Peer 1: 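Have a look at this one before I ask anything.
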Amino acid sequence: MPERSLFSRALRAFGRLLRRLTIGLGALILVFYFFGGWILAVWPYPACSEWPKSRLANARGDVAEITVHGCILGIVNRQYRIRVRLANSSTAKLIVRFKPRDTPALHWLDADRLQADLGQVVSLSPQIEQVGPVHVTFTYSGAEPSLD
């Protein structure tokens with residue numbers, strides 16, 4: 001039996017390693033597919049979280065904020081949310097959810113008018129155009145509003 005070269009043995013070992021990694025990855029995908037909901041339910045850390053992106057207040061004390069909501073470290077179901085919190089209220093009102101391609105921006109035109117520039121969006125929820133005395137205008141391109 002002829003002696004195999006070192007290159008041939010290394011190539012076969014690499015092939016076996018690649019095969020094992022592929023099988024392991026496939027098994028991991030199947031486990032998360034069938035048991036992912038249960039794993040997230042017993043996971044000790046919150047699977048979905050929200051963190052502030054920017055916050056802007058007007059002269060009256062009303063606050064408009066952009067937050068990013070995402071699950072599993074922001075990788076899955078990542079979407080942006082814009083909320084308005086009136087000066088005399090402790091709760092914020094969600095006015096739109098969207099997935100942007102560009103960085104969104106907020107601008108107070110005066111104490112009663114807020115402009116939300118969403119840029120180009122992939123998906124967009126229906127918008128609320130008035131929160132108390134604050135009128136909100138949206139500028140964007142791309143997707144049409146839908147409940148999906």
Side-chain angles (χ1 to χ4, degrees), residues 1-58 61-87 89-109 113-131 134-148:
M1 181 181 225
E3 188 176 317
R4 294 186 179 142
S5 69
L6 180 61
F7 179 72
S8 175
R9 290 189 311 187
L11 196 57
R12 290 175 81 81
F14 179 72
R16 283 192 301 269
L17 176 67
L18 193 59
R19 237 185 340 254
R20 289 178 182 159
L21 287 175
T22 304
I23 291 169
L25 182 62
L28 190 62
I29 289 171
L30 285 174
V31 165
F32 278 117
Y33 180 77
F34 289 108
F35 300 108
W38 180 81
I39 291 171
L40 289 178
V42 299
W43 190 256
Y45 304 105
C48 298
S49 59
E50 191 167 289
W51 56 96
K53 186 85 171 153
S54 67
R55 183 174 290 185
L56 191 62
N58 65 5
D62 302 329
V63 176
E65 62 185 2
I66 299 174
T67 59
V68 180
H69 177 86
C71 295
I72 309 173
L73 303 175
I75 297 171
V76 178
N77 194 22
R78 182 179 178 150
Q79 60 180 230
Y80 283 58
R81 297 175 176 188
I82 297 180
R83 291 189 173 97
V84 173
R85 178 178 292 122
L86 299 177
S89 176
S90 63
T91 60
K93 176 97 173 173
L94 177 67
I95 59 173
V96 69
R97 292 184 331 262
F98 61 101
K99 291 186 180 181
R101 291 186 188 214
D102 304 325
T103 304
L106 299 173
H107 308 285
W108 285 103
L109 303 176
R113 295 185 307 155
L114 173 69
Q115 181 176 356
D117 181 14
L118 308 181
Q120 187 174 9
V121 296
V122 176
S123 66
L124 181 73
S125 73
Q127 305 92 28
I128 295 175
E129 296 179 353
Q130 185 167 356
V131 178
V134 176
H135 296 276
V136 184
T137 57
F138 298 92
T139 57
Y140 60 90
S141 63
E144 290 298 317
S146 77
L147 295 175
D148 294 336

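Along the sequence shown, the residues carry numbers beginning at 1. For clarity, every value in this text was computed on a predicted model and none was experimentally measured.
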Peer 1: Would you say the side-chain atoms of Q79 and R81 include a donor-acceptor pair closer than 3.5 Å?
Peer 2: yes

Peer 1: Between Y80 and P104, which heavy-atom pair has the shortest distance, and what is it?
Peer 2: CD2-CG, 3.7 Å

Peer 1: Using every non-hydrogen atom in the two residues, find where V68 and K53 come nearest and quote the distance to one decimal.
Peer 2: CG2-CD, 3.9 Å

Peer 1: Could you state the interatomic distance from CG (L30) to CG (L25), rounded to the nearest 0.5 Å?
Peer 2: 10.0 Å

Peer 1: With a 4.5 Å limit on heavy-atom distance, are the side chains of T137 and R113 in contact?
Peer 2: no

Peer 1: Roughly how far, to the nearest 0.5 Å, is the CG atom of N58 from the CG atom of L109?
Peer 2: 11.0 Å

Peer 1: Tell me the closest heavy-atom pair linking A92 and R83, and the distance in Å.
Peer 2: CB-CD, 3.7 Å

Peer 1: A57 and V63: which non-hydrogen atoms are nearest, and at how many Å?
Peer 2: CB-CG2, 4.1 Å

Peer 1: Rounded to the nearest 0.5 Å, what separates atom NZ in K99 from atom CG in L118?
Peer 2: 15.0 Å

Peer 1: Stepwise, does the side-chain contact (heavy atoms from CB on, under 4.5 Å) test hold for I82 with F98?
Peer 2: CA-CA 9 Å; I82 297 180; F98 61 101; 3.8 Å; yes

Peer 1: Closest heavy-atom contact between A116 and L106?
Peer 2: CB-CD2, 3.8 Å

Peer 1: Going by side chain to side chain contact (heavy atoms under 4.5 Å, CB included), name the residues that satisfy it together with P145, two or more places apart in sequence or in a different chain.
Peer 2: L124, Q127, Y140

Peer 1: Any donor-acceptor pair under 3.5 Å linking the side chain of T22 with the backbone of L18?
Peer 2: yes

Peer 1: D102 side chain to Q120 main-chain N or O, any donor-acceptor pair under 3.5 Å?
Peer 2: yes

Peer 1: Applying the side-chain contact (heavy atoms from CB on, under 4.5 Å) criterion to D62, which one of L114, L56, V131, V134 satisfies it?
Peer 2: V134

Peer 1: Distance from D117 atom CG to H107 atom NE2, nearest 0.5 Å?
Peer 2: 5.5 Å

Peer 1: To check you understand the geometry: which heavy-atom pair defines the closest contact between G70 and W51, and what is its length?
Peer 2: N-CZ3, 4.1 Å

